[in-house]
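Keep in mind that this is a model prediction, so the values were computed, not measured. Chain naming here is simple, since letters A, B, ... match the order of the sequence lines and numbering starts at 1 in each.
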Amino acid sequence: MSDILNQLNEAQQQAVTCSDGPVMVIAGAGSGKTRVLTYRIAYMLSRGVDPFNVLALTFTNKAAREMKERIISLVGSNDARNVWMGTFHSIFARILRVEGHFLGYPQNFTIYDTDDSKSVLKTIIKEQQLDPKVYTPGNVLSRISAAKSNLISAEDYNANSEIMDNDRVAGRPMIGEIFRHYRARCFKASAMDFDDLLFNTNVLLRDFPEVLFKYQQKFRYILVDEYQDTNHAQYLIVKKLAARHENICVVGDDAQSIYSFRGANIQNILNFRNDYPDVKTFKLEQNYRSTKVIVNAANSIIAKNKDQIFKQVWTENDEGNLIQVLKATTDVEEGILVANSVFQTKMNQQLPNSDFAILYRTNAQSRTIEEAFRKLNIPYRIYGGLSFYKRKEIKDLLAYFRLVVNTNDDEAFNRIINYPARGIGNTTLEKLELAAGENDKSLYEIARDVTGYVPGLAKNTATKIEEFATMIASFHIQLKKLSAYELGRKIATHSGLFKELAADQTEEGLSRLQNSEELLNALKDFSEKEETLFPGEEDEVVIENDETRSLDLFLQEISLMTDADSDDEDGNNKVTLMTIHAAKGLEFPYVYIVGVEENLFPSIMSLQSRADIEEERRLFYVAVTRAEKRVTLSYAESRYRWGNLTMNEPSRFLEEIDDSFIEQTTRRVQVKPSSGMPVMQKAPVFIKKNMKKLEDAGTGDAPSYETPVEMIQQGVEVEHERFGKGKVLSVEGAGPNIKATVFFAAVGQKQLLLKFAKLRIVG
DNA sequence: TAGTTCGAAATTTTT
DNA sequence: TTTCGAACTA
Ligand SMILES: Nc1ncnc2c1ncn2[C@@H]1O[C@H](COP(=O)(O)OP(=O)(O)OP(=O)(O)O)[C@@H](O)[C@H]1O
């Protein structure tokens, strides 16, 4: 046990050993807050606390997993497996699976992701005959989401005159009505969206005292990491659960609150004392992560914010490198400069790729960076953006799985009823929807007896629909009998999905098929492995048939997984590319913050209000404090945005850093990259290509094609990145509109505008 | 009903 | 640059 305490400084030790009652740790970046939380749990366990009585809420599932590993090695016992540890969403989804019946949800409810939610909203907006330009799904969803995060139900929303007035003034008076429909539809589909998981947990704990009591007894010790980014719904859950024993420990840093856009409220941490007057507060001041330069620069950045708690942060670490600033002419060049710098640093000092992280404000920025790394053959991994589970082909297959698991899932039904094509079009679907609404049934139930519910249908169509429904029913029966993998493969083949994919011989089609196979592989792994993230207990029989790792369990596991949660199978020695938001809580020796430009970072959306700019500044603070050894900032004077060239000034944040922390020579150095850099041959090509685009954008006329275009003539063999190989049958048109008719082996004859089509001449 | 084509719109950040 | 939906054709 003293081993555990030996690895902590005095303030940390106090925070760890101060046993019962409310505890708050509020401290700057890299001061060991997460470490305190981890060691605190280890300490408790070593003092005989039952791991089943500990609930630890982390920001990602991966953080939870790592914390668990750490604790296991600290206490030298596998017992720590049984600690309840995970994100708010995954922990309470788990609990809702068991207790949801109190609220009328089945155990196998579906979790809707943002796309599902938007799709439901789109249907409602159309149904209500509202102007889709005024009511965009994204907009409406964010209103609804904000409401639910603040525990405002659809009824409350409509009854609240202030909210309704706001909507009216904003020209969107019908949002309350849409909200009502949305909530009804989700419920009917046995589905919860992300916000519902927290909202419904609150309802559960509010309206069912016996449930509240049960979990208060279970979770005698509650710990929350990154508490500054909790929203009201999360705050109340914690408050309710902790009310009985008040063994609650929260750690956080108000200067790192960066999720207010999804309802996070710094007041939760600032007002903690109001709820627990006898809270013991600990401040940690020593930073163990970063060099003096980084710590001091970060301090000077955050000092510009008005709203903050003053914190002294210092370090005994080395002075370290000054902050480098790279200036590029274009976004493409920025990528090259960054990749070069990584390459040089890594070669000079013999460092692994995993020592480097590239952080950006928006996902869209990853592209140019990615291309530069690919050119240099530096392995990288992109987090966020389009994850595996968001790909079309994967979502299609998953929609089949979802419908089989929860036949009420109308979203899934909609997605796959006519994919692969079964001759069931929009008109038919509308009739089904109508019948479903009138009879208060799910689309699936209508489909099972379509002749009964929708009499006027063409015979052929009705048969098709019933065949589909029967197929789903036959899968559904086998849900608990087969493993996830066995059933998954059966569905993929029997539904005709694989056949459809295999028929597409284009390169894109092949990769789609491969991805789908990859999903089946994941199912296979899942079916074979034993453990899940969560412990089970005798008093909660969630899993009826423990033997089969069935498909519904698989869906539960992946629905709340982000790609930060999964590890890469082909090695982890890669440069990390991610948004700053995703980097919260992580650390890397060398950090590059790219796109440090006005209108991008700070985002153009934030310039209106001081509060928003301060949040951007906190984001910048988070970014800088991820670094252990060196920070490099970069900006580009111009960058492409939706295909348009835009000019940008360097970010105000650059100027806010004291000059004494910035390496003054870097500017000169990278205007003329030193020779010996590996991309010297390639860089000019890139820049030239970009210059050409510049010209085009400037003049508009004077078509300037790259040479190959003239070479595309009748009879030439070409390759298209999507359609594969083909032969040019004819070329017509002139100027910017030259068109070629090409016959592709894979997809047949196509007309292509040479301006856009990327044709390569073969042979 | 299915497949194609053309024009408009989109990008903050995420569970 | 890509994605989505409306309009059009087979
Ligand atoms: N007493 C200590 N001795 C040695 N290393 C420490 C000590 N405390 C913390 N560290 C190290 O400092 C780094 C930062 O710790 P940790 O991630 O817990 O900080 P944090 O306050 O949670 O940071 P952030 O708020 O930025 O996420 C980690 O690498 C951790 O191992």
Side-chain angles (χ1 to χ4, degrees), chain A residues 57-61 86-93 111-115 117-119 122 126 132-133 136-139 141-142 145 148-149 192-198 226 229-231 233-234 257-264 359-368 383-387 390 392 418-429 458 460-461 464 559-565 578-584 595 599-607 612 615-616 618-619 622-623 639-646 693 722 739 747-753 755-756 758:
Chain A
L57 297 160
T58 58
F59 209 72
T60 63
N61 288 312
T87 61
F88 273 90
H89 293 268
S90 52
I91 293 279
F92 296 109
I111 297 174
Y112 276 179
D113 68 12
T114 310
D115 288 343
S117 300
K118 284 187 182 161
S119 162
K122 205 184 279 174
K126 200 182 251 171
K133 294 224 170 66
T136 61
N139 225 311
L141 183 61
S142 71
S145 168
K148 284 198 286 205
S149 300
M192 299 193 201
D193 67 16
F194 291 135
D195 304 305
D196 288 332
L197 294 173
L198 304 176
E226 308 280 9
D229 273 326
T230 49
N231 63 29
Q234 293 169 322
S257 169
I258 55 175
Y259 278 95
S260 71
F261 70 90
R262 75 175 199 212
L359 307 181
Y360 33 81
R361 179 64 180 79
T362 66
N363 282 308
Q365 289 167 257
S366 68
R367 246 190 55 197
T368 49
Y383 291 79
L386 271 182
S387 77
K390 288 224 172 109
K392 262 192 235 84
N418 200 31
Y419 185 77
R422 297 186 176 86
I424 301 160
N426 276 336
T427 18
T428 313
L429 208 67
N460 194 23
T461 319
K464 287 270 166 52
S559 57
L560 291 172
M561 225 166 63
T562 59
D563 58 352
D565 293 330
M578 55 169 54
T579 63
I580 300 165
H581 282 92
K584 185 163 85 147
N599 295 339
L600 180 59
F601 192 18
S603 157
I604 193 160
M605 310 297 286
S606 73
L607 300 180
D612 285 351
E615 177 145 325
E616 296 283 308
R618 290 195 293 271
L619 196 54
V622 169
R639 94 174 40 244
Y640 275 92
R641 226 182 177 195
W642 319 308
N644 281 325
L645 191 71
T646 55
K693 280 187 192 160
R722 239 178 349 137
K739 270 191 258 176
V747 293
Q749 192 166 318
K750 292 270 173 196
Q751 277 220 329
L752 302 166
L753 256 186
K755 188 160 51 165
F756 297 119
K758 288 181 193 144

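Looking at A:Phe59, A:Phe601, A:Phe261, A:Tyr383 one by one, the single match for ring-ring contact (aromatic ring centres under 6.0 Å, His included) with A:His581 turns out to be A:Phe261.
Using a 4.0 Å cut-off, no side-chain N or O of A:Lys133 falls inside it from OP1 or OP2 of B:dA8.
The NZ-C1' distance, from A:Lys390 to C:dT3, rounds to 16 Å in whole Å. Put simply, CG on A:Leu607 is 12 Å from P on B:dT12, counting in whole angstrom units. A straight line from CG of A:Asp115 to P of B:dT11 spans 12 Å, rounded to a whole angstrom. Rounding to whole angstrom units, OH of residue A:Tyr383 and P of B:dT15 are separated by 13 Å. We find that CG of A:Asn231 is positioned 14 Å from P of B:dT15, with the value rounded to whole Å. The distance from atom CG of A:Leu645 to atom P of C:dT1 is 12 Å, rounded to the nearest whole Å. Across the protein-nucleic acid pair, A:Asn61 atom CG and B:dT14 atom C1' stand 13 Å apart, rounded to whole Å. We find that NZ of A:Lys122 is positioned 14 Å from P of C:dT3, with the value rounded to whole Å.
If you check every strand for non-hydrogen atoms under 4.0 Å, A:Lys392 touches nothing. Within 4.0 Å (heavy atoms only), A:Asn418 reaches sugar-phosphate atoms of the nucleic acid but no base atom. No engagement by A:Asp113 is indicated, since no non-hydrogen atom pair under 4.0 Å with the nucleic acid exists. No contact: A:Arg641 has no heavy atom under 4.0 Å from any strand. As judged by a 4.0 angstrom heavy-atom cut-off over every strand, A:Phe601 is placed among residues making no nucleic acid contact.
The side chain of A:Glu616 lies closest to B:dT12, out of B:dT12, B:dT14, B:dA2. Closest approach to the A:Asn363 side chain among B:dT14, B:dT12, B:dT15 is made by B:dT14 (side chain taken as heavy atoms from C-beta onward). Listed candidates were B:dT15, B:dA2, B:dT13. Nearest to the side chain of A:Thr114 is B:dT15. In this structure, of B:dT15, B:dT13, B:dA9, it is B:dT15 that holds the atom nearest to the side chain of A:Thr87. For A:Ala421, whose side chain is taken as the heavy atoms from C-beta onward, the closest listed nucleotide among B:dA2, B:dT15, B:dT13 is B:dA2. The side chain of A:Arg262 approaches B:dT14 more closely than any other nucleotide in the set B:dA2, C:dC4, B:dT14. Of the listed nucleotides (B:dT12, C:dT2, C:dC4), B:dT12 has the atom at the smallest distance from the side chain of A:Arg361. When the nucleotides B:dT12, C:dT2, B:dT14 are ranked by their closest atom to the side chain of A:Thr579, B:dT14 comes out on top.
Using a 4.5 Å heavy-atom threshold, the side chains of A:Phe88 and A:Leu197 count as separate. In this structure, A:Asp229 and A:Lys584 have side chains that are in contact, with non-hydrogen atoms separated by less than 4.5 Å. For the pair A:Leu560 and A:Thr87, the minimum side-chain heavy-atom distance is 4.5 Å or more.
A donor-acceptor distance shorter than 3.5 angstrom exists from the side chain of A:Asn418 to the backbone of A:Gly423, with no hydrogens or angles considered.
Taking atom C1' on both B:dT11 and C:dA6, the two are 23 Å apart, rounded to the nearest angstrom.
In this structure, A:Phe194 and A:Thr136 both approach DNA chain B, and ranking their closest nucleotides by distance from the 5' end singles out A:Thr136. Nearer to the 5' terminus of DNA chain B, by closest-nucleotide assignment, is the contact made by A:Ser603 (compared with the other of A:His89 and A:Ser603). If you find the closest nucleotide of DNA chain C to A:Arg367 and to A:Pro132, the one lying nearer the 5' end belongs to A:Arg367.
In this structure, A:Phe261 forms an aromatic stack with the base of B:dT13, since both conditions hold: centre separation below 5.5 Å and plane angle below 30°.
Atom CG in A:Asp193 sits 7.5 Å away from atom OG in A:Ser145 (nearest 0.5 Å).
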